[in-house]
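None of these values were measured; they are calculated from a predicted model. The figures that follow rest on heavy atoms only: side chains count, while hydrogens, waters and symmetry mates do not. Quick note on labels: first sequence line is chain A, next is B, and so on, each numbered from 1.
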Amino acid sequence: MTPTGSGAVSEAVSRVEAELNAFWSAASQGSEPKARASTMNFVVVGAPTEKDALRDEIETLSATRAGRAFLMTIDAHLPPWDVDSDVSAVCHKEGESVVCYDRIELDFGAMAAQRAASVVGALVLSEVPTILEAGAGAPVSLVEALMSRADRLIVDSADLGVRKVSELGRKTTAPIADRAFVRTFSWRDMVARFFDDAVMATRAVTRIRIARTSGWKQDPAALLLGWLASRLGMKIESKESAINANGDKVTIELVSEDPKEPLGPGEITGIHLSTWIDGVALELSCSRMDEDLHTVCWKREGARVGAHHHALGFREESWVLLKCIDATEGDGIYREAVLAAADWSGR
Amino acid sequence: MSTETAASAPSGAAPINSTIPPNPLREGMPEETAPRPAAIIIFGASGDLTRRKLVPAIYNLALSRLLPQGFALVGVARRPKPEFAAEMRENVAKYSRRKPLNDAAWNELAAGISYVQGDHNDPTTFTKLKEELERVDKTRGTAGNRLFYLSVGPDEVAKIVRGLKESGLVVAPSDDPEASYQRVIVEKPFGTNLATAKALNRELLTYLDESQIFRIDHYLGKETVQNLLVFRFGNTIFEPLWSRQHVDHVQITVAEEIGIEGRIDFYEKIGITRDIVQNHALQILTLVAMEPPSSWDANAVRDEKVKVLRTLRPIRGKEVLERTVRGRYAAGTVRGDKVPGYLDELEALRAEKPELSKDSKTETYVGMRLELESWRWGGVPFYLRAGKRLAKRVAEVAIHFKSLPHGLFKDTLGATNEPNSLVIRIQPDEGISLRFATKVPGQGIAVREVAMDFRYGAEFGASTPEAYERLILDAMRGEATLFTRADEVEAQWGFIDPILAAWEKYEAPVANYPAGSWGPTEADGLLVGGDTWRKP
């Protein structure tokens, strides 16, 4: 790390540029030529207290998606128009070449943050896309300031809440990926499996029951409900009811359970659906098992019958982030889901 | 948790329409093309491939959460293996690309691992297997979907498939997308010549539909091999250069440092032409030379590959002696170690196996000058070489562009006037490198060759998926683009067979080359127009 002091915004940009030029100009340092690894610009915004964790995140990400990384915060202790900057690089040998990527840290004073997009615009690698992540404790004003530069926005609705995410979504045309949505993949996959051979039953759902552990600042059920409602063509009427694609009433029921080891607060513990197919009732459930909370019992009764146990598995956050960056096929689906979730949440 | 059943059916409970729409909950899921629940059954489960490649690949798929929720792995082999799962755990710990072993992921996978002991010549083996698969359908939710991986010799393949068919373990594919599937992966070598390949295809097609047969060539699962198509057809700037107008010649190299590694009796029957050229090298050639397919559909891609094989000018009769060179490594030094020659190894083994030939003509090196009779490639030599105990382990394609029409800088300091070249490295160090001339900074004009380099490891990390991971997953998805079709295999053999026949008929010499070199000097004579072999 090379501290470069603080100053006006344009001076900070110049300092960072000079440092980057000095680093990448191998001849001036008399060292071996360096190759730049650049698959993207990754801009992560977070609270100053989260900087160490965000540095670790960048480090892990760079091992598989190397590029230029920016770590940005608003520092209330800085004079309003000041920017603190810091440039560092990581190099390693790849065969006979030295391959490097760089990281730029910028701490903005409260007013200077408005200029963040212009700063990033001056410093990004122009040939590759810019991914913006609203990290833990990210000041929303800084995220909003940077959104115009982003080709993709990554959020965590478990932290921001679905209503805030949907507000951000209305302000940008960039695709949004949500860590919380990625984390629910196993649940969504197992719910989808209920209907793989009973597709017509998706139109006839009359009851949704979601159980989750309490104590988290955001309701994890919201996103699942939003996804179900948007995919199944339901119209939400209130927190407790909706109308399904066939025009019948859907009862929405939420169950709170106390967190218990190893489950923390805000975890889904079970999903139950009631529906119909060929005039016969179909009851669907997928619930964590008491004897092993990382395993679920997936069960169908009525018109279709079957039961299996499946391990939910564990997904590291570095994997979740990679999916948010790479898995673009669900972008449109997510946008619809989060809007429906915000609609439900606001009732 | 209680469930509540409504007393009467609401309006949505009408009988289902005959046209089943897609499941809306699957929309936008990365797993939209994910495999359905299935069991993988490995025949030859006690073999080396299973230990070193297949089970580690399946574990890595599990670790990446790419396997379906309902999954089971069943090993089948003659030897008793009461501790099959535990044994596989050790192998995964040793051979997985990702270390250390993740206990949670392994335990989850191991819960679905089982083993059936039996000889596939014995019908009761298939009865036992059927019972086991019915059990895993119930306990693991594998829904009757089965992927049979035949990691066995070519002589065993048809017998196993017959057994599977007769025991009802495979049935004809259905048009119903919800129906269970049964697919069979067949390992190379697929036959040992055109006649045996045709016979095998005929027999397999008696029991299976072509859509159920996945002939594996693991080279096609390598990232860089797949990237060849993306590089060519996913960019606009390269394809216009990809023709006889701009390309002087193409060199395809598949070189290994290792020797026969104790497989000498196998090699005596096979040789490197059957082992490497008939499949890997010709597959690479097809990807380099093919026309753009109309889509990424399996048949569209394979149609174009077959066309390339059909445009290969056959090498027959005495012409084989001019356009091919076969060789055999002699003693030499590889990576600083003294190593014995092929004949020395053969001689050493003859004490144990007196049936081994005293007059071996088996080739451990082959070089060829190929020509494609097409508008795109007419007149462009494709040089192909494959060898064991060469100087370096490398597989690559080098596109050598034409020389400058006018040497503007020919008298300039440092100018070599070397034509541009584009090298696609398949292994190791996967990547793409473009060589071009540049001005050395400073007063006046001095020229230097530089390389613009893309390395997978640098951009995406070193741990890219192994070829078997991709191919197993594709077979579970029913995606056959990276597998070889019957006519493709036969076209490959159709090209190779006359070369092998002419070598025998005209007693083509087997040129010696020292281990650790780039092959016999005789191979230099294959190159025309002043071209020289690359030394990567």
Side-chain angles (χ1 to χ4, degrees), chain A residues 27 35 37-39 63-66 94-95 97 99 185-186 188-193 195-197 199-200 202-204 206-207 211 231-233 244-248 270 272 274 276-281 283 285 287 298 301-302 306 308 310-311 313-315 323 327 329-334, chain B residues 1-7 9-17 20-32 34 36-37 62-65 68-70 102 104-105 107-109 111 138-141 143 178 428-429 431 441 450-455 457-464:
Chain A
S38 51
T39 60
T64 54
R65 299 292 184 277
E94 279 280 334
S97 306
V99 180
F185 177 76
S186 291
R188 288 184 285 124
D189 181 47
M190 279 180 286
V191 170
R193 276 188 67 193
F195 299 98
D196 279 339
D197 61 351
V199 176
M200 293 310 289
T202 57
R203 299 179 57 85
T206 52
R207 179 169 168 263
R231 300 292 8 105
L232 301 183
N244 70 20
N246 288 330
D248 295 316
H272 303 246
S274 302
W276 295 81
I277 190 163
D278 288 344
V280 182
E283 293 296 326
S285 70
S287 302
W298 180 97
E301 293 170 301
H308 306 296
H310 294 300
F314 172 70
R315 292 189 159 96
K323 285 288 162 197
E329 60 272 55
D331 287 349
I333 303 304
Y334 173 72
Chain B
M1 298 198 187
S2 65
T3 53
E4 176 191 322
T5 306
S11 56
I16 56 168
N17 193 301
I20 299 170
N23 182 350
L25 294 171
R26 290 272 175 217
E27 278 179 58
M29 279 194 179
E31 264 78 340
E32 213 164 13
R36 293 153 63 189
L63 196 57
S64 303
R65 316 292 311 170
Q69 296 280 0
N102 179 316
N107 291 339
E108 198 180 311
L109 180 66
K138 284 185 192 135
T139 58
R140 304 286 301 170
E178 312 266 334
D429 199 16
V450 294
M452 198 153 67
D453 231 7
F454 158 74
R455 287 160 191 264
E459 304 286 333
F460 297 111
S463 190
T464 50

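In this structure, the side chains of Met29(B) and Phe185(A) come closer than 4.5 Å at one or more pairs of heavy atoms.
Shown here are the salt bridge (charged side-chain N to carboxylate O under 4.0 Å, His left out) partners of Arg231(A), two or more places apart in sequence or in another chain: Glu336(A), Glu27(B).
Both the backbone and the side chain of Thr39(A) have a heavy atom closer than 4.5 Å to some heavy atom of chain B. Only the side chain of Pro37(B) comes within contact range of chain A, judged by heavy atoms closer than 4.5 Å.
The heavy-atom pair separating Val199(A) from Pro22(B) by the smallest distance is CG1-O, 3.6 Å. Residues Leu232(A) and Pro24(B) share a closest heavy-atom pair of CD2-CG, 4.3 Å.
Each of Leu25(B), Asn107(B), Thr139(B), Asn102(B) has some count of heavy-atom pairs under 4.5 Å with chain A, and the biggest count is that of Leu25(B).
For the atom pair Arg193(A) CZ and Arg36(B) CZ, the distance stands at 11.0 Å (nearest 0.5 Å).
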